[in-house]
Each structure stands twice: as C-alpha cells, then as structure tokens.
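What follows is a set of notes on a single structure, which appears directly below.
Numbering starts at 1 and runs along the sequence shown. Quick caveat: nothing in here was measured; it's all calculated off a predicted structure.
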Amino acid sequence: MSVKPENLSEMFDFRRSAKAVLDIEKQAIEGLHQYLDETFVRACQLMLSCAGKIVVTGMGKSGHIGNKIAATLASTGTPAFFLHPGEASHGDLGMISAGDLIIAISNSGESDEILALLPVLKRRGIPLICMTGNPTSTMAKEANVHLCVRVEQEACPLGLAPTSSTTATLVMGDALAVALLEARGFTADDFALSHPGGSLGKRLLLRVGDLMHAGDLLPQVGIDATISQALLEVSGKGLGMTAVVDADGLLAGLFTDGDLRRILDLRVDIHSTSIAQVMTANCVTVRPEMMAAEAVKLMETKKINGLLVVDADKRPLGAFNMHDLLKAGVI
C-alpha cells in the first residue's frame with residue numbers, strides 16, 4: 001500500500017536513520033587509524049618522489065571519489081588529474097607519461113576496467129598505488145603499495161550502496177594530500193597561486209596597485225588651493241579624501257571628509273582658508289606593491305578609511321578606500 005508524502009513523516013523517523021548513518025561512517029573513519037602504518041608512509045614517499053603527475057583512476061562511485069582526491073592533491077601542491085579507466089583503454093592511456101604515478105581505487109580490488117590497464121602500466125614501469133577494501137584482491141597484489149580502506153559495514157541498510165567505503169576512501173585521500181602538503185612546506189601563498197579566483201587568492205595575491213584609483217580618478221589639489229576647492233575634488237572623485245601636492249607634484253599632505261567635520265566645528269572660512277592650513281602633513285601612505293591584505297591591517301590599526309599610494313619620491317600614484325577593498329573581495 002502506498003503512503004501519501006504528507007503522512008510519511010509521521011510514520012518514519014528520518015533523524016534516527018540519519019544518525020545511524022553518521023555513527024556507522026564515523027566508525028569507518030576511526031577504523032582507518034589501523035591502516036596508517038608503514039604502507040601509508042611508503043605511499044607518501046612514492047608520491048613525494050614522483051617526478052611527473054599523480055594520475056587517479058576509478059570506476060563508478062570510486063571514480064567520483066578519485067576525481068575529488070585528484071582535485072585536492074592538485075590544489076595542495078601535488079600535480080594530479082583524474083583519468084577514467086574506461087576511456088584510458090580507448091586512447092586516454094596516452095595521457096600518462098614516464099615519471100607519472102597511478103593511484104587506482106576500487107573497493108573490491110577487482111574492477112575489470114582497472115585490471116585491463118595493469119599489464120600496460122607494468123610494462124611501462126609506472127608505479128601503482130591501489131586503494132581497496134580487500135588486501136587479498138588482484139589490485140592489492142599487483143600494486144607497488146596497497147592502502148587498505150576496508151570498512152566493517154556500509155551505511156546503506158541493504159549493504160549495497162557505497163557509503164561508508166567511499167567516505168573512508170575520501171578521507172584516506174585527504175590524509176595523503178595533507179601529509180604531502182606538510183612535507184612539501186606548502187604555504188597559504190602557494191595555495192593562493194592555484195586559487196587566484198577564490199577569496200583566499202584575492203586576499204593573498206591582490207596588491208594595492210591593482211585596485212587603486214589612478215590617473216584622472218586620483219583626487220588631488222595643489223597646496224595653494226582653498227578648502228572649498230579641495231571639497232569639490234573630494235566630492236567629485238568620491239573617495240572621501242584628496243591628496244595635496246606641492247609645485248613639484250610631490251605629496252604635501254592629505255585632506256579627508258573627517259578633516260572637514262573637524263574644521264567646521266572651528267568655524268573656518270572654507271572659501272578663503274588655504275588647504276595647507278588644515279591638511280594632515282605627515283599622512284600614512286603605501287606603495288603600489290603592498291599586498292591588499294596588508295593594507296587592510298594597516299587601515300584597521302590606524303583607524304582610517306582610505307590610503308594614498310605613492311612612489312619612492314612621494315609622488316601620488318593613486319588612492320583607495322575600504323569600499324574598494326570590500327568590492328575586490330579582500331575583506
């Protein structure tokens with residue numbers, strides 16, 4: 001008898017089922033500790049000494065996990081890519097070069113598509129690391145290093161859908177990637193170089209010269225300008241500030257909308273008073289090569305909302321504010 005969807009939640013305990021899955025998969029992960037033995041060390045050493053790329057392969061769900069492992073390796077300093085074993089048998093095996101290393105994944109260790117590749121790989125002398133749940137399988141016996149990822153049970157109550165086994169394999173792949181990351185001395189800067197489009201890449205790679213307003217967009221007035229003239233420049237360029245330059249074009253000071261609020265309290269005549277009398281002479285400046293992340297820290301420390309960018313001679317090159325940093329994804 002079919003059950004209407006609106007009545008199903010009253011008849012079935014979804015949370016109990018989900019909790020059982022989490023408990024089983026947690027046990028599967030904890031069970032991996034026993035396999036972090038000398039074979040794991042040998043696998044890491046073999047991968048670390050690989051002069052080429054790490055080629056990860058697997059069929060079905062193992063292939064999906066392998067794809068993720070390859071992506072994780074590649075983004076953490078170990079060049080890697082995924083190769084579908086079925087396609088490999090039909091020409092894509094040519095993507096593998098001397099110096100490469102294969103990581104083959106199969107829970108049973110008897111994947112026909114992978115077994116078909118082994119004679120060619122052996123003949124070409126390509127090192128083979130196999131990750132299986134069966135240490136007596138053909139793949140385990142043929143591998144240079146076998147990493148066991150056996151689990152006691154799948155989270156699927158039928159014992160059919162790969163669940164705990166794929167989770168364990170993914171975690172073992174993460175363990176390999178992170179171990180290699182640390183062994184290589186891979187840093188956040190290195191990570192950013194392979195993730196230039198991500199938020200971390202923007203924080204670590206973007207320089208103030210990349211986001212500053214320059215040329216006609218740079219607000220600046222001469223040192224003989226009046227406050228009212230400076231205010232027109234501040235409002236016209238929309239950065240809340242303007243550079244003040246001397247006759248040689250060198251930076252003499254900075255005037256901000258914050259300075260305006262202070263002088264208004266003093267009832268200064270903005271039409272007759274020179275900007276030189278109210279500007280900040282020794283203002284904070286940065287060079288264009290400074291990392292944007294460093295500029296954020298400087299601005300927070302100094303409690304300022306904008307900065308002028310100058311060259312070695314203190315000639316203004318550009319300006320930016322917190323809004324620019326926010327827009328660029330740096331903060």
Got a sec: does the CD of Glu38 have more than 12 other heavy atoms crowding it under 6.0 Å?
no

Does Asp269 have more than 12 heavy atoms from other residues, nucleotides or ligands lying within 6.0 Å of its CG?
yes

So, are Lys237 and Glu233 salt-bridged, with charged N and O less than 4.0 Å apart?
yes

Straight-line distance of Met47 CE to Arg42 CZ, nearest 0.5 Å:
14.5 Å

For a quick check under 3.5 Å, do Ser164 and Glu25 share a side-chain donor-acceptor pair by atom type?
no

Short side-chain donor-acceptor distance under 3.5 Å, Ser111 and Glu113
yes

Does atom CD of Glu289 have more than 12 heavy-atom neighbours from other groups under 6.0 Å away?
yes

Test item: Val41 and Cys44 side chains (from C-beta on) under 4.5 Å apart, heavy atoms:
no

Regarding Lys327 and Asp324, does a basic nitrogen lie under 4.0 Å from an acidic carboxylate oxygen?
no

First locate atom CZ of Phe320, then atom CG of Leu217, and finally report the distance between them rounded to the nearest 0.5 Å.
15.0 Å

Decide whether Arg150 and Thr132 meet the rule of one side-chain donor and one side-chain acceptor closer than 3.5 Å.
no

One pair to check against side-chain hydrogen bond (donor to acceptor under 3.5 Å, both in side chains): Lys68 and Thr72. What are the steps and the verdict?
CA-CA 6 Å; Lys68 166 58 170 62; Thr72 301; 2.7 Å; yes

Interatomic distance, CG@Leu231 vs CG@Asp257, rounded to 0.5 Å, equals 9.5 Å

Gap between atom CG of Asp174 and atom CG of Leu181 - 0.5 Å precision
11.5 Å

